[in-house]
Amino acid sequence: MLDLKYIVENRDRVIERLTVRNFKELHLVDELIELEEKRRKLKTESETTQAGINAASREISQLITRKENSEPKKKEVAVWKASLQPLSAELADTEARINELILRIPNLPSSQVPAGHGAEDNVVVRESGPKPTLPVDALPHWDLAKKFQLIDFDLGTRITGSGFPVYTGQGAKLQRALVQYFLDFNTAAGYREIQPPILVNENTAYGTGQLPDKEGQMYYINEDKFYLIPTAEVPVTNIYRDTIINEADLPVRMTAYTPCFRREAGSYGKDVRGLNRLHQFDKVEIVQLAHPAKSYQVLEEMVAHVEKLMQSLELPYRILKLCGGDMGFTSAQTYDFEVWSAAQEKWLEVSSVSNFESFQTNRMKIRFKDENKKNQLVHSLNGSSLALPRIVACLLENNQAGPEIRLPKPLHAYFGAGVIG
RNA sequence: GGAGAGGUGCCUGAGUGGCCGAAAGGGCCGGUUUGCUAAACCGUUGUACGAGCUUAAACUUGUACCGAGGGUUCGAAUCCCUCCCUCUCCGCCA
């Protein structure tokens, strides 16, 4: 969430930035500023009263010690308390209201974010070489998966439901090879490997911004009040919740492989065919906690890192800078990576690299002590490197060669062969 | 899941109703001593949100925080209730 003090002090800029996002509820900004003023008044007032009560209590203590009559003083306190009661009730209401409203305001797009309404306004930053032309009898990945017995979608449906594929044989091994390759690639660049829980509690889901808004997207275990993670970002970023990091330890870099679970309620049709959209999928994530002054440098570095990984997979890709209208609620700036699915003839998103600035860390209270010994919020960033299913889809489709499917060089050692066949 | 014990500051650990934000030791930071290191000695050492002062910082001051949330009381780390977690034993188990 945004810092309320920042909103109060930078009202016009906040409005202007939210407009870039096409945020509709701009009135919330002024409402919050008014509520904050009210809150401060109430707080001062109720604390003054409380200070009086505390002082009187200390006097009572002394009266009792001296065995003097404390009853008049107690009556006095009762009067204080009666006047405090409505004050603190109103203060609590005001704070609750502030809390409710501020959670509805999305992050401010950075100054580099282009204005726009949706996907059509995103800016293509880079596009790799030419798209391959496949033979006319080329197959989409779901057919290839069947032909080479790599993935069994029907079996997954029987065991769990749609969107829960079963990877078999070389298909399963390809998953393992990709995960291992991605993790090795990340740790070689200085990311510390983490294996986090894939069920998280409410506080954790709140910390990265999945709650209160997106509970419908997550699977929930009612019995224990746990959420299945939609991405490793959630448990991994929360590792540093409520901590003050040494400035010298910044940036913190972490990478994790986890399965990810998304309910994707309401999705259907050809967009969800095959591996395009699943309820359970594998992803390797990178997360950084960075000094606020360096976070945009870190963002570019992460984009370059993911791009290098993309290139090594020898797939046609492009990088988009998302426009204000297409960015996630918590993001200040986002780059999306898409790979070209040659048989489906469309771009598939495989990575999203974002700087959240202090939007998440403000919730999680992840801070560092700066040179003036003041606590400051760090900036959090994350990105996929990479989400597996769509990469697999493109690897299969783009590299199909009759009786076999060729694999890019870096995977040969991990897969134990150069081709699927 | 059953029985018992317990959750205090960066760490260890005291504190069972009244200046306790919290003893003591350790660590950390600053200083003295020292050829250097070590040792010794002295001092400092939480977070959040308000108010005052200020260009700002420093500072002064108030409130809250001793697992979380409620309650009792003039007053709660200390008593009561609910929840979470940790440890020991039993049960179950990859």
Side-chain angles (χ1 to χ4, degrees), chain A residues 1-10 32-103 195-207 211-212 220-227 235 238-249 252 259 358 360-378:
Chain A
M1 62 186 165
L2 292 179
D3 178 22
L4 188 48
K5 200 173 282 179
Y6 184 87
I7 296 177
V8 170
E9 287 166 8
N10 301 276
L32 274 166
I33 291 171
E34 269 174 50
L35 282 167
E36 169 61 4
E37 181 146 349
K38 185 177 171 194
R39 185 193 73 89
R40 288 195 358 243
K41 279 198 185 117
L42 287 168
K43 173 132 176 127
T44 306
E45 219 174 318
S46 70
E47 285 189 350
T48 308
T49 311
Q50 185 63 53
I53 292 172
N54 290 348
S57 286
R58 266 176 256 128
E59 286 177 48
I60 289 170
S61 151
Q62 287 165 10
L63 291 172
I64 291 172
T65 313
R66 294 198 302 260
K67 299 202 190 324
E68 289 173 25
N69 182 13
S70 61
E71 288 312 312
K73 209 68 195 173
K74 287 189 186 175
K75 290 213 174 74
E76 192 185 304
V77 171
V79 176
W80 285 106
K81 285 184 82 170
S83 70
L84 178 61
Q85 204 277 329
L87 270 182
S88 48
E90 200 180 353
L91 178 61
D93 280 355
T94 308
E95 283 175 342
R97 182 78 181 139
I98 286 175
N99 214 22
E100 185 190 320
L101 294 190
I102 202 163
L103 287 176
Q195 198 177 81
I198 59 177
L199 269 62
V200 296
N201 61 32
E202 202 178 313
N203 280 338
T204 299
Y206 171 84
L211 293 182
Y220 183 58
I221 314 235
N222 196 40
E223 187 85 13
D224 300 287
K225 312 226 178 316
F226 292 147
Y227 292 88
N238 271 278
I239 287 174
Y240 284 89
R241 175 149 49 98
D242 287 320
T243 57
I244 299 174
I245 303 171
N246 289 327
E247 188 171 358
D249 292 336
V252 173
S358 56
Q360 294 182 324
T361 56
N362 190 26
R363 288 190 181 193
M364 287 183 278
K365 300 297 172 234
I366 305 180
R367 293 163 293 175
F368 73 99
K369 224 172 252 304
D370 65 20
E371 63 271 24
N372 299 317
K373 300 196 170 177
K374 295 270 279 180
N375 291 327
Q376 265 191 63
L377 295 169
V378 303

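Quick note on labels: first sequence line is chain A, next is B, and so on, each numbered from 1. Keep in mind that this is a model prediction, so the values were computed, not measured.
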Notebook entry, point to check: Does C74(B) have OP1 or OP2 sitting under 4.0 Å from an N or O in the side chain of R58(A)?
Noted result: no
Next item on the list: Describe the nucleic acid contact of I53(A) in one word from base, sugar-phosphate, nothing, applying a heavy-atom distance below 4.0 Å.
Entry: nothing
Check: Considering only G75(B), A51(B), A64(B), which nucleotide approaches the side chain of Q50(A) most closely?
Finding: A64(B)
Item checked: Span that lies between the P atom of G21(B) and that of A64(B), in whole angstrom -> 10 Å
Check: Can you tell me how far C1' in C84(B) sits from the matching atom in G46(B), rounded to whole Å?
Finding: 24 Å
Next item on the list: Answer yes or no: is there a donor N or O on one side and an acceptor on the other, between the side chain of N238(A) and the main chain of T204(A), under 3.5 Å?
Entry: yes
Next item on the list: Starting at atom CG of N201(A), determine the distance to atom C1' of C83(B), rounded to an integer number of angstrom.
Entry: 13 Å
Notebook entry, point to check: Hey, does the side chain of N69(A) reach the backbone of E71(A) with a donor-acceptor pair shorter than 3.5 angstrom?
Noted result: yes
Checklist line | Pair K5(A) + E9(A), salt bridge at N-O below 4.0 Å | finding: no
Check: Rounded to the nearest Å, what distance is computed from the CG atom of residue L42(A) to the C1' atom of nucleotide G50(B)?
Finding: 12 Å
Next item on the list: Report yes if a side-chain nitrogen or oxygen of K365(A) is closer than 4.0 Å to either non-bridging phosphate oxygen (OP1 or OP2) of C65(B); otherwise report no.
Entry: no
Notebook entry, point to check: So which one's nearest nucleotide on RNA chain B is more toward 5', N375(A) or I60(A)?
Noted result: N375(A)
Check: For atom P, what is the distance between G13(B) and U32(B), given to the nearest Å?
Finding: 35 Å
Next item on the list: Can you tell me the pairing partner of U32(B) across any strand shown, Watson-Crick or G-U wobble, with both distances under 3.5 angstrom?
Entry: A40(B)
Item checked: Exceeds 12 heavy-atom contacts within 6.0 angstrom, atom CD of E202(A) -> no
Check: If you look at every strand shown and take non-hydrogen atoms under 4.0 Å, does K43(A) touch a base, only sugar-phosphate, or nothing?
Finding: base
Check: Between U72(B) and C81(B), how far is it from one P atom to the other, in whole Å?
Finding: 15 Å
Check: Counting side-chain heavy atoms from CB outward, which of G18(B), U63(B), C49(B) is closest to R39(A)?
Finding: C49(B)
Margin query: Within the 4.0 Å heavy-atom criterion, would you say E45(A) contacts the bases, only the backbone, or no part of the nucleic acid?
Written below: nothing
Margin query: In whole Å, I'd like the distance from the CH2 atom of W80(A) to the P atom of G62(B).
Written below: 15 Å
Check: Whole-Å distance between C10(B) P and N246(A) CG?
Finding: 13 Å
Check: Is K81(A) near enough to G75(B) that one of its side-chain N or O atoms lies under 4.0 angstrom from OP1 or OP2?
Finding: yes
Margin query: Distance check, P atoms only: G4(B) and U73(B), in whole angstrom units.
Written below: 30 Å
Check: The side chain of E47(A) lies closest to which of these nucleotides: G50(B), G18(B), A48(B)?
Finding: G50(B)
Check: Would you call E37(A) and R40(A) a salt bridge, using N to O less than 4.0 angstrom?
Finding: no
Item checked: Distance, P atom - from A40(B) to A58(B), rounded to whole angstrom -> 34 Å
Notebook entry, point to check: Rounded to whole angstrom units, what separation is found between the NZ atom of K38(A) and the P atom of C49(B)?
Noted result: 21 Å
Next item on the list: Could you tell me whether K43(A) and E95(A) have a side-chain N and a carboxylate O separated by less than 4.0 Å?
Entry: no
Check: With a 4.0 Å cut-off on heavy atoms, is K369(A) in touch with a base, just the backbone sugar-phosphate, or nothing at all?
Finding: sugar-phosphate
Margin query: Using whole Å, what does the distance between atom P of nucleotide C10(B) and atom CZ of R367(A) come to?
Written below: 11 Å
Item checked: Base paired to G18(B) (Watson-Crick or G-U; both N/O distances under 3.5 angstrom) -> C74(B)
Check: Nearest of U63(B), C74(B), G50(B) to any side-chain atom of A51(A)?
Finding: U63(B)
Checklist line | Donor-acceptor under 3.5 Å (K365(A) side chain, N362(A) main chain) | finding: yes
Next item on the list: Verify the contact: side-chain N or O of R40(A) to OP1 or OP2 of C49(B), cut-off strictly under 4.0 Å; return yes or no.
Entry: no
Margin query: Say we look at G17(B) and U12(B): how far apart would their C1' atoms be, to the nearest angstrom?
Written below: 27 Å
Next item on the list: May I ask you to verify if any side-chain N or O of N54(A) is less than 4.0 angstrom from the OP1 or OP2 atom of U63(B)?
Entry: yes
